Colleague: 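Take this structure first; my questions come after.
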Amino acid sequence: MFKGFTRFLQSPGERLKSFFGPESAVAAGLSEPRIIPRQDHPVSRQHFSDAALKVLYRLHNAGYQAYLVGGCIRDSLLGRMPKDFDVATDATPEEVKTLFRNSRIIGRRFRIVHVRFGREVIEVTTFRGKPGDDHGDHIAQQSDEGLLLRDNVWGNIQEDAIRRDFTINALYYSIADFSIHDFANGVSDIEARTLRLIGDPATRYREDPVRMLRAVRFAGKLDFHLDPATEAPIRDLAPQLLQIPPARLFDEILKLFMGGHGVDTFRLLRQYGLFEMLFPEAAEAMDELPWAEPLVEAALASTDRRIAEERPVTPAFLFAALLWGPVQLRQAAHEQDGMPPIPALQAASQQVVSRQLQHISIPKRFSLPMRDIWDLQQRLPMRRGRRVFQTREHPRFRAAYDLLLLRETAGELEPDLGDWWTAFQNADEHEQRRLLDKVGANPAGSGAPRKRRKRRRKPRGDNNGSDNGNA
Ligand code: ATP
Ligand code: MG
């Protein structure tokens, strides 16, 4: 789309010398922006949605400052079509609300306005100032560990810029003259494909540990590298993620795994010790079961492929694969205690879900189908009589069959059961009968674990039923 500029970014010989001088004090947290006039950058109004333009112009015409900021400018500069639009302004949320009938003030920790146009939502954010400053709503709170509990002190655009996370996210496009204001050398970091936090990285991660997840997400999605200082504190600070409310983490998880670059993102999460803070039991299972990590990678690879092909994906399937390892460990432990397989799976599922909910809230509309997908893993090997057709008709059959294939790919199971179901689905009535007869002759033939797992002790953290019942 922005071919000229993209080529520019990719060829080190042709850097944007005219407006990027030597390293300035800006990255250190300071003040005057570099202003890049319209004729010197490729970001055009044609790449913005009508809704975004409407919001910008209405604010502008009412006498307020109005800028597009964040991902939409970053992505435009990278030659990618922006997918959503964030507006920054000096109007307060109440002032914004009076300008747009179709708007709502949302958030407590971070108050912003959502302006809705059909299915599109434009996020309008008032410039934030320094937490200690005595203006705006006077509301900024920080915990003893440095966690920013609220951030609703209004400020000016300079102050707003240095409170953003990465330099590449602090680029503002002005609707007044179509220039880009670069407060933290963001354009040269885009050029160098570098993710760099603004300010002192450890402090910024402590203020908001989700920034560690955002670092990994942007690295995976944009194929950028982390600047060494931005990268260094992550491993040590990863446990700070345990302070983040489960509901906020659920939204982040979807962005991490369903943004089309799930495999790369997952590997980075593992590398930096972040994954185990989000999915502790899944991480433990990956240490104990050789197939657990390949299974998750296979599920993410399949999700990435589907997203690339613009086919639908569901978090239920992904969570089913992520948590299947721990479900299997707990089920094995229950069976070892003498419980039959079906109740053992049910008890295991319930325990895994309730422990996971302490970290990430999975809405029921995803956790219920996820459990169906697990239950069906036990029904897929039962292929006699009417049961086969009931299984085939189950609304989650397709997802369960897909998980079965991934389990085989990952080496948990021999591939014969998946092959059988593949053949059965494609067969006519006559052929189906033949396939059923074949199973009749050898009913125990499939769904067998590839290798017998050695008998295991109970998984750690299982305090015998105290986490029962509240899934
Ligand atoms: P995308 O929309 O592609 O996920 P984005 O950068 O636009 O990426 P948003 O979550 O939409 O991400 O946030 C918009 C902007 O708000 C960011 O670009 C950044 O400037 C700022 N921002 C968002 N989250 C944080 C945070 N946790 N800390 C500091 N600034 C943030
Ligand atoms: Mg955005």
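Ligands are counted one by one from 1 in listed order, and the atoms in each one are counted from 1 as well. Just so you know, residue 1 is the first one in the sequence shown, and it goes up from there. These figures come from a predicted structure and were not determined experimentally.
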Colleague: Do the two ring centres, one from Phe275 and one from Phe266, sit under 6.0 Å apart?
Modeller: yes

Colleague: Between Arg38 and Tyr173, do the side chains contain a donor N or O and an acceptor N or O under 3.5 Å apart?
Modeller: no

Colleague: Suppose the cut-off is 2.8 Å; which protein N/O/S atoms would you list for the Mg ion (ligand 2)?
Modeller: Asp84 OD1, Asp86 OD2

Colleague: Which pair of heavy atoms, one from Arg330 and one from Gln351, lies closest together, and at what distance?
Modeller: NH1-OE1, 3.4 Å

Colleague: Are side-chain N/O atoms of His225 and Thr194 paired as donor and acceptor at under 3.5 Å?
Modeller: yes

Colleague: Return the CG to CD distance between Leu323 and Gln356, rounded to the nearest 0.5 Å.
Modeller: 5.0 Å

Colleague: Using the test ring-ring contact (aromatic ring centres under 6.0 Å, His included), find all partners of Tyr64 that sit at least two apart in sequence or belong to another chain.
Modeller: none

Colleague: Between Arg306 and Glu309, does any side-chain N to carboxylate O distance fall below 4.0 Å?
Modeller: no

Colleague: Anything with a heavy atom under 4.0 Å from ligand 1 counts, so go ahead and list those protein residues by chain and number.
Modeller: Gly70, Gly71, Arg74, Lys83, Asp84, Asp86, Arg163, Arg164, Asp165, Asn169, Asp208, Arg211, Arg214, Arg217, Phe218, Lys221, Arg248

Colleague: For Gln377, check side-chain hydrogen bond (donor to acceptor under 3.5 Å, both in side chains) against everything at least two apart and list the hits.
Modeller: Arg407

Colleague: Between CZ of Arg196 and CG of Asp165, what distance do you get to the nearest 0.5 Å?
Modeller: 14.0 Å

